[in-house]
Amino acid sequence: MASEGISKKIRSIVTAAVHSMRKARSDGRSYLSMLLAAKVKFKTGPRHFVRALIAYSQPEIQPPVATTSESDEYQTWLIECERVAPEVLDGGLVSVVMPVYNPPIEFLRAAVESVRAQSYRNWELCIHDDGSTSAEVRALLTDLAADPRIKVDLGKGGAGIADATNAALALASGEWACFLDHDDLLHPAALSSVVAAFLKDAPGVVYTDHDIIDERGARACPFFKPDWSHDLFMSQMYLGHLVVVEMALVRKIGGLRRDFDGSQDYDLVLRCVAAGARVSHVSRVLYHWRAHAGSTAANASSKPYAHHAGRAAIQAHVDEMFPGARVSDGKYTFCYDVRYPVPVPPPLVSIIIPTRDGLELLKTCIDSIRTKTSYCHYEILIVDNGSTQPETIAWLAEIDTAVDTRVLAAHVPFNWSRLNNIAARSANGDVLLFLNNDTEVISGEWLGRLVENALRPEIAVCGPLLLYGDGSIQHAGVVVGMGGWADHVFKAAASIHHQHLFVSPALRRNVLAVTGACMAIERGKFESLGGFDERFAVCGSDVELCLRGFRAGYSNLYVAESVMIHHESKTRDPREVPQGDFEMSMAAYAPYREKGDPFFSPNLDPMSPLPRFRPAAVP
């Protein structure tokens, strides 16, 4: 109902007003000063007033902003590294769908011209105007209708974005629906590249990378996305632009829904996925999102009702695909937190910790688990691999008498894989959690977060955000092929929510692998996959197990909400890695060392843990 949509927007405005007053009072402002400020803002028009009110009420979230050096670097990258699009002469008709409402006239002209400039010629542009009050806009639309490839429908207004888009879709007769905002731009190769993806893999949905057109008209702030990550998508609508959907699928699921105005595209893709559609990614920057005062590209807090609609869309999605899951707001605007149900009584978790001496670190690890973990149904298995220090031996003998802890003696040559397999066979838990002895719990929900995701039928291995002692990132997912082998993306970066070139490290996402310093897996999956490969003595078997799970059809998961400290490299020298581990890793990682990790981006430097532009190929 249109009235319901209006009611939602009114509630959002009232909420913003209340939050603004509270924030202003906390800032020391009087009611009189607030009233005067509101009077000044209202003179610019009710729409600008509401946007200013909403922006003030929201937490300060910084949109992507490029420095001069970064902008220059991007321009250089575009010249040297932007790849040539596959040329497709005619693979079928593409319907570019554009709802319109009072855009700046120069932006609308530019958007239309970007469609006309497509190297792919078999397109139509379907425009529905939702009652624009600008005579200039209406006149331009009337003129555009003279082009036989452009279909224009002039509405009476008030339909809302979802219904306006559906009206544009009603004009379409193409095989695919390409969604374009009235103030953005398509790259000239956009349609050709997307059609090539549809013809190659026949997915239901295709998305691309995008960048921002800044106020100077320059391309800036590219967003190089990973391939399809369902969990990341339920944390954030990272697809953004460009999204193209098979028209038959759009018709099948009933188009867009007005109840999700503001996040109607989010809801659409979620329903496509629930209907069984595969999602494909073209890793080229093919859409240019214009940043201006009223757009979320420039101000993520400009449309709070869109944030709430996004949460509702995800809840509807998980109700269908993950019964019992609940969605709440994440810590940041347009970010969300999906919690998954855990059986009652909760399953036992076996926390497996190989060790040899290093008592100070081990005690810190065990004490932090016992005092800070809110998930209480666990046992601790300490695998003693030949401790010799008297104080360690005495402490292990004492703790072995505790109800929740067992010490397993493993007097064998050090082999990380074998030690963990030995403990797994002795474990009583339904979930196995492999943990280094140099880790420290700092968040009470660390274990519960891992358990609820490890129990999901589609997940093999999951791991947490690990921090160095100084608070910087040690592990936020493994990229296979990084550094020539496998490395932790975001390593040594600040642990903040920041989308710079790549996705934010603060968001949950699917990965090829996580680190064995802390990894959780359901016992049945661990056994069906065959456990750790004991041909790896020191390192590599953690990643290899994840890759086996991925090949078996599972997903692996980085759980950003589970946080620990990892005092890395304080117990064993990384130079002790035997040659055999390198040879085994070379074979296991081969496809991704050569072709790249699908959950990273081929546009980024594979030799840098921090997201950086991929350098030009050396001739």
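Note that the coordinates shown come from a computational prediction; the quantities given were computed from them, not determined experimentally. Count residues from 1 along the sequence.
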Hey, is Arg311 close enough to Asp329 for a salt bridge, meaning N to O under 4.0 Å? yes

For the pair Asp337 and Arg449, find out whether any cationic side-chain nitrogen is under 4.0 Å from an anionic carboxylate oxygen. yes

So, does [X] use its side chain to make a donor-acceptor pair with the main chain of [Y] at under 3.5 Å?
| X | Y | answer |
| --- | --- | --- |
| Ser472 | Ala494 | no |
| Asn556 | Ala513 | no |
| Gln118 | Leu191 | yes |
| Tyr336 | Gln315 | no |
| Tyr266 | Phe233 | yes |
| Lys491 | Ile473 | no |

Exercise: do [X] and [Y] side chains pair donor with acceptor under 3.5 Å:
| X | Y | answer |
| --- | --- | --- |
| Ser229 | Asp231 | no |
| His187 | His210 | no |
| Tyr74 | Arg219 | yes |

Taking the six-membered ring for Trp, are [X] and [Y] ring centroids under 6.0 Å apart?
| X | Y | value |
| --- | --- | --- |
| Tyr238 | Tyr207 | yes |
| Phe502 | Phe600 | yes |
| His241 | Tyr287 | yes |
| Phe322 | Tyr340 | yes |

Pick from Val94, Val206, Leu249: which one makes a side-chain contact (heavy atoms from CB on, under 4.5 Å) with Trp176? Val94

Any [X] side-chain heavy atom under 4.5 Å of [Y] side chain:
| X | Y | value |
| --- | --- | --- |
| Met321 | Val318 | no |
| Leu186 | Leu286 | no |
| Glu124 | Leu93 | yes |

Residues, nucleotides or ligands: over 12 heavy atoms within 6.0 Å of Arg326 CZ: no

With sequence neighbours left out, what residues match Asp184 under salt bridge (Lys or Arg N to Asp or Glu O under 4.0 Å)? none

Does Arg614 count as lying over the ring of Trp77, i.e. NZ or CZ under 6.0 Å from the six-ring centre, within 45 degrees of the axis? no

Measure the CZ-CE distance between Arg593 and Met482 for me, rounded to the nearest 0.5 Å. 14.0 Å

Begin from the C-alpha positions of Trp228 and Phe599 and carry the test ring-ring contact (aromatic ring centres under 6.0 Å, His included) through to its verdict. CA-CA 8 Å; Trp228 173 244; Phe599 298 108; over 10 Å; no

With His475 via ring pair (Phe, Tyr, Trp, His ring centres under 6.0 Å) - residues at least two apart: His488

Could you walk me through whether Val503 and Leu507 pass the side-chain contact (heavy atoms from CB on, under 4.5 Å) test, one step at a time? CA-CA 8 Å; Val503 300; Leu507 299 179; 5.9 Å; no

